[in-house]
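Single-structure report; data block below.
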Number of protein chains: 2
Amino acid sequence: MARRTIRQPSPSADLDARKATILEAVVREHIDTAQPVGSSAVAATSHLAVSSATVRSEMVTLEREGYLAQPHTSAGRVPTDKGYRYFVDHLQAGIVGEAQQQQIKDFFANVRGEVEDVLAQTSTLLSQLTSYTSVVVGTGHAQSAILSAQLVSLDARHQLVVTVFADGSVTKHSVLSAFDVSHVEVAEASRQLNALLIGTVLGARVQVPSRTDHVATLVREAVATLHAEPPTLEGDQVFIGGSSKVAESFDGVETVRQVLAILEQELLVVSLVQDILDQGLSVAIGSEHGFQPLASCAVVVAPVTIDGHPSGAVGLLGPTRMKYSEAMAAARAVSAQLTQHFDGDDRAKS
Amino acid sequence: MARRTIRQPSPSADLDARKATILEAVVREHIDTAQPVGSSAVAATSHLAVSSATVRSEMVTLEREGYLAQPHTSAGRVPTDKGYRYFVDHLQAGIVGEAQQQQIKDFFANVRGEVEDVLAQTSTLLSQLTSYTSVVVGTGHAQSAILSAQLVSLDARHQLVVTVFADGSVTKHSVLSAFDVSHVEVAEASRQLNALLIGTVLGARVQVPSRTDHVATLVREAVATLHAEPPTLEGDQVFIGGSSKVAESFDGVETVRQVLAILEQELLVVSLVQDILDQGLSVAIGSEHGFQPLASCAVVVAPVTIDGHPSGAVGLLGPTRMKYSEAMAAARAVSAQLTQHFDGDDRAKS
DNA sequence: GTTAGCACTCAATTCTACTGAGTGCTAACC
DNA sequence: GGTTAGCACTCAGTAGAATTGAGTGCTAAC
């Protein structure tokens, strides 16, 4: 089926005030109780001074317009994806609680270590804050210039190309040569390689030596190995935090299995998050993201930028009846801190 | 409670042949059906020419001795952990099927990339082979000598220490200096750092310069950062494959949640696997590993060695009623290939 | 020691009746 | 016109009661 559904920017023939209030009450109640919501509950909890009968007749309209659904005739109403969408679109931005704010602050004040570690730990943090499964995506450094490229000899035939990029990331690639190489030759090749690649980006055309001696061959092999990587996906990193939360969010074991199976496929997760960001959304509800097995899930995302350009995202995955305002607030707060951590912290600070 | 249970090497007051056959039949049947096994089923499937009544009276004994248990009076028998243990200890080594053998061969023939990638993919492979959740643990390179230590300048105040170890692993650590450093200074510091650390192991005492100029300070900071790492755990890596399989193996959502929660804690997983290996076992059943939340799990492990000394392990986690012979065969086959891949492949080949 | 026979147990299943939350409709009301 | 009280109706869920049947333990005979 449609892998990605292009959502128009909400036709949202705005509901009148009372219908909106009723819809909101249903959503809130359903998120709370996970049960279908009846007209009398709405009449009681919403501050509308109307009877359940009135609510009932409004509900009929809301159902006809696709915002609500009825599991069966004698049950209350449940929000549809469209209903959640309306709710989310008209949600005043939530804010994170005191305690959580503090937890985030503490975390970023104390976190240390390299980018990967920070991202992995951030993922755990985000999951703990919200008790949903979190996804942290770091996009590759395809565009970063090379700061340094060294060749290190493991043994006579195995060398390692260690490359440092301007964004601080480091890669290694092993090179197996067809002949024994001396340490002197490796050192010389390393010098040449460094001179050749410094300041370039992966995939750029460089002038490799055409001689056939050991050193030149080694340099050619190293360059070839480096450039052999698919440049777009290289370095894409996904960190899943709190996958056990999946088992809390959904009740059917089968659903849990399906969601976990999706989360195992990093490429899928990256493209899911990317799709949502591409559409300029911060939430994808149920069928909106076009992944059938995640039909009962909602995904909240917030982009992370470094030096102003997008370089990743944090996300939360929960049931469609997730606590959107909390989740969105947490995701935004964490992504903001992360952004600040990487470009504030790495340049300006101290 | 007891975090680790020391198991004596099976008192195993060996059962007589008929009891053993009956126990085996119960275990086999139960693994197959997940149901309590009745005496008549045993009489039918085992090749003992005895009636169900005879089987019944033997079962009473087996139950009294702790090999079997009865969920309730009018149900069949279910193996206890002790029952599984006897079964496993007397299991003739299984072999992996044709197709799987081929799949493993193909995988290792085609796999490329760095150690981390290979381990991560191996984890996925192992999980696919067995449809259990797999765990691949790579132990750190604490004992590896440093082949190269370079300092790379990210900007005036940020430097990166990139260290290459003899086993081919690479680490990076960022260093933030309190003053601006020129490229010339970084280059000089890098040279000195390399000269200082080459051939040493992490944690070794090295003679750092005591001068107070920029270069010396930089070198001191770099060394301090490197040595600040907890040397024992540094580089311990855990790769979990097929966590969605957890949802297939257990039926209660709560059990699934608990197991996933354990798997999220890498340190726990490492120590679990390490414990089992330390006890010289290849299987830990139910309570044997002392992790309460994993009481209904069994863990199969196989060590991976590089150059003869232990450097990791592969494992499988399933329900206590897992298919032990298959799982053990798969784990052994994969660990053997992995061992060969890393020391065969990396030294001898071509 | 083995086994056929039998009474007994108890989880699981099926059936029925009932409950009650919630609806849709209508007629009266403001 | 919109609102509401009243009422008949629907139907999932629950609670008992009855039934089933797989499997046991025991005993007496072989």
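Each chain gets a letter, A, B and so on, in the order the sequences are listed, and its residues count up from 1.
A cation-pi contact, defined as under 6.0 Å to the ring centre and within 45° of the axis, links B:Lys82 to B:Tyr67.
Pair assignment for C:dG1 gives D:dC30, based on Watson-Crick or G-U wobble hydrogen-bonding distances that are each under 3.5 Å. The base-pairing partner of C:dG20, taking Watson-Crick or G-U wobble contacts with both distances under 3.5 Å, is D:dC11. Pair check for D:dA17 finds C:dT14; Watson-Crick or G-U wobble, both atom distances under 3.5 Å.
Taking atom CG on A:Leu48 and atom C1' on D:dG2, their separation rounds to 14 Å, with Å as the unit. Going from atom CZ of B:Arg77 over to atom C1' of D:dA22 covers 13 Å, rounded to whole Å.
A donor-acceptor contact closer than 3.5 angstrom links the side chains of A:Ser134 and A:Ser123.
Contacts of B:Ser39 with the nucleic acid, taken as non-hydrogen atoms under 4.0 Å apart, involve only primed sugar atoms and P, OP1 or OP2. Residue B:Ala41 is out of contact with every strand shown, counting any heavy-atom pair closer than 4.0 Å.
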Review item, side-chain donor-acceptor pairs of residues 30-37 of chain A, under 3.5 Å, at least two apart:
unit_1, atom_1, unit_2, atom_2, d
A:His30, ND1, A:Gln35, O, 2.9
A:Thr33, OG1, A:Glu29, O, 2.9
A:Thr33, OG1, A:Gln35, N, 3.2

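Classification of A:Asp89 and A:Arg85 as a salt-bridged pair holds, one side-chain N sitting under 4.0 Å from a carboxylate O.
Within a 6.0 Å radius of CG in B:Leu91, other residues, nucleotides and ligands contribute more than 12 heavy atoms. Enclosure of atom CD in B:Glu254 by more than 12 non-hydrogen atoms of other residues, nucleotides or ligands within 6.0 angstrom is indicated.
Mapping A:Ala75 and B:Ala53 onto DNA chain C by nearest heavy atom places B:Ala53 at the nucleotide closer to the 5' end. Of the two residues contacting DNA chain D, namely B:Val37 and A:Ser74, the nearest-nucleotide position lying further toward the 5' end is that of A:Ser74.
Boundaries of the chain A contact region on DNA chain C are C:dA21 to C:dC25, first to last in 5' to 3' order (nucleotide atom under 4.0 Å from a heavy atom).
Side-chain nitrogen and oxygen atoms of A:Thr54 include at least one within less than 4.0 Å of the OP1 or OP2 phosphate oxygen of D:dT4.
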